[in-house]
Amino acid sequence: MKYLGLDLVIYPSVYEPAEDSFLLANAAMKLRGKILEIGCGSGIVSLICAREGGNVLGVDVNPEAVKCAKINAKRNKIKSVQFIESDLFSNVPKQQFDAILFNPPYLPTSREEVIEGDLNLAFDGGPDGLSVIKQFLNHVDSYLKPGGVLLIILSSLTNEKAIIRKLQEMGYKINFIAQEKFFFEKLYLTKATKP
């Protein structure tokens, strides 16, 4: 697939970039400094961010996604990016970043809706769609510099208001940067700035 000058290979077991990825990629272009992307998938967002001047670490719990992202970095000759396997922050070096990006698995998923294989990791947000996001919010603060920015995709299919409330309780200033409406959901690109 081609997007904004990138030529990407997408493995069958890796999330294929869609509207949520494109919303995040367009916003990530403007970021500079040390950037962390949680759930990098094919690497599309990390690669665009790195190509435009960021120094990026992209992580994914799916080992196939990490392989795919590394191939895409090589294919597009983008060097200021590194990809590693990590379940959220589990293997992320203890440091603080200027920005953290996250397109979480937010689909409410019952046991019957779980799909076979690693691709499920990109979609499955647990019964209420919030299980991975809640884990993420428990750790994000210690990895973000004061004044740093969190860009996160939220969906009307989950309780996005609960996530916003939690971030506000943590002292973050919230701005909605962009949104896209589909017949079954609304996507919000949300910017949360750490105090």
Side-chain angles (χ1 to χ4, degrees), residues 15 17-41 44-46 48-49 52 54-61 86-110 121-195:
Y15 181 69
E19 288 79 3
D20 48 2
S21 315
F22 306 144
L23 274 176
L24 194 53
N26 287 332
M29 274 194 204
K30 301 173 183 85
L31 297 173
R32 299 293 178 268
K34 273 184 6 190
I35 294 148
L36 171 65
E37 183 186 13
I38 300 287
C40 65
I44 184 171
V45 175
S46 288
I48 284 173
C49 192
E52 299 301 318
N55 183 6
V56 185
L57 173 62
V59 308
D60 205 293
V61 67
S86 182
D87 185 356
L88 296 175
F89 296 96
S90 63
N91 293 327
V92 174
K94 290 278 185 228
Q95 58 180 290
Q96 290 194 314
F97 294 85
D98 297 295
I100 297 177
L101 316 172
F102 192 31
N103 181 7
Y106 54 71
L107 291 180
T109 308
S110 67
L121 299 166
F123 300 102
D124 188 346
D128 61 358
L130 293 174
S131 61
V132 177
I133 297 171
K134 284 177 183 171
Q135 292 173 55
F136 171 84
L137 291 177
N138 287 339
H139 300 282
V140 67
D141 203 54
S142 58
Y143 287 88
L144 194 59
K145 287 180 180 173
V149 166
L150 163 63
L151 292 181
I152 185 169
I153 297 286
L154 301 178
S155 165
S156 59
L157 296 176
T158 56
N159 186 353
E160 78 277 7
K161 290 179 181 68
I163 301 160
I164 296 301
R165 218 171 18 254
K166 171 74 172 156
L167 284 163
Q168 287 171 331
E169 284 166 10
M170 292 163 65
Y172 284 66
K173 183 178 176 225
I174 307 297
N175 290 305
F176 294 103
I177 298 182
Q179 63 181 34
E180 270 200 51
K181 192 174 183 181
F182 306 94
F183 68 96
F184 58 93
E185 77 173 322
K186 197 183 268 190
L187 291 176
Y188 305 92
L189 174 58
T190 308
K191 177 183 177 183
T193 307
K194 183 174 174 176

Out of curiosity, Ser86 OG to Ile38 CD1, how far, rounded to the nearest 0.5 Å?
6.0 Å

Kindly determine whether Arg32 and Glu52 satisfy side-chain contact (heavy atoms from CB on, under 4.5 Å), including the steps that lead there.
CA-CA 8 Å; Arg32 299 293 178 268; Glu52 299 301 318; 4.1 Å; yes

Ala28 to Cys49 - nearest heavy-atom pair and separation
O-SG, 3.5 Å

Does the side chain of Leu187 reach to within under 4.5 Å of the side chain of Leu23, using non-hydrogen atoms?
yes

Side chains of residues 165-179: which donor-acceptor partners sit under 3.5 Å, not counting sequence neighbours?
residue, atom, partner, partner atom, Å
Tyr172, OH, Asp141, OD1, 2.6

Leu57 and Glu37, any side-chain heavy atoms less than 4.5 Å apart:
no

Above 12 or not: heavy atoms from other molecules or residues under 6.0 Å from NZ of Lys34?
yes

When rounded to the nearest 0.5 Å, the distance separating OG of Ser155 from CD of Glu160 is 7.5 Å

Rounded to the nearest 0.5 angstrom, the CG-CG distance for Asn55 and Leu36 is 11.5 Å

Would you say the side chain of Ile164 lies within less than 4.5 Å of the side chain of Tyr188, judging by non-hydrogen atoms?
no

Spacing of Ile152 atom CD1 and Asn103 atom CG [to the nearest 0.5 Å]
9.0 Å

Across all chains, not counting sequence neighbours, the side chain to side chain contact (heavy atoms under 4.5 Å, CB included) partners of Asn138 are none

Indicate yes or no: at least one non-hydrogen side-chain atom of Thr190 is less than 4.5 angstrom from one of Ile153.
no

In chain order, what residues pass the salt bridge (charged side-chain N to carboxylate O under 4.0 Å, His left out) check against Lys30, with sequence neighbours excluded?
none

Salt bridge or not between Asp98 and Lys145? Use side-chain N to carboxylate O under 4.0 Å.
yes

Which atom pair, heavy atoms only, marks the closest approach of Leu189 to Ala27?
CD2-CB, 3.4 Å

Which heavy atom of Pro104 sits nearest to which heavy atom of Ile133, and what is that distance?
CB-CG1, 3.6 Å

Please state whether the rings of His139 and Phe89 are parallel, tilted or perpendicular, taking 30° and 60° as the class boundaries.
tilted

Do Tyr15 and Asp60 have a side chain donor and acceptor closer than 3.5 Å?
no

For residues Tyr143 and Pro93, report the shortest heavy-atom separation together with the two atoms involved.
CE2-O, 3.5 Å

For the pair Gln96 (side chain) and Leu144 (backbone), establish whether a donor and an acceptor sit closer than 3.5 Å, ignoring hydrogens and angles.
yes

Leu151 side chain near Ile100 side chain, heavy-atom distance below 4.5 Å:
no

Does Asp87 use its side chain to pair, donor to acceptor, with the backbone of Val61 at less than 3.5 Å?
no

Is there a side-chain contact between Leu24 and Phe102 in this structure, where contact means two heavy atoms from C-beta onward sitting under 4.5 Å apart?
no

Distance-minimising heavy-atom pair for Glu180 and Glu19:
OE1-CG, 3.7 Å

Give me the atom names and distance for the closest heavy-atom approach of Ile35 to Phe97.
C-CD2, 3.7 Å

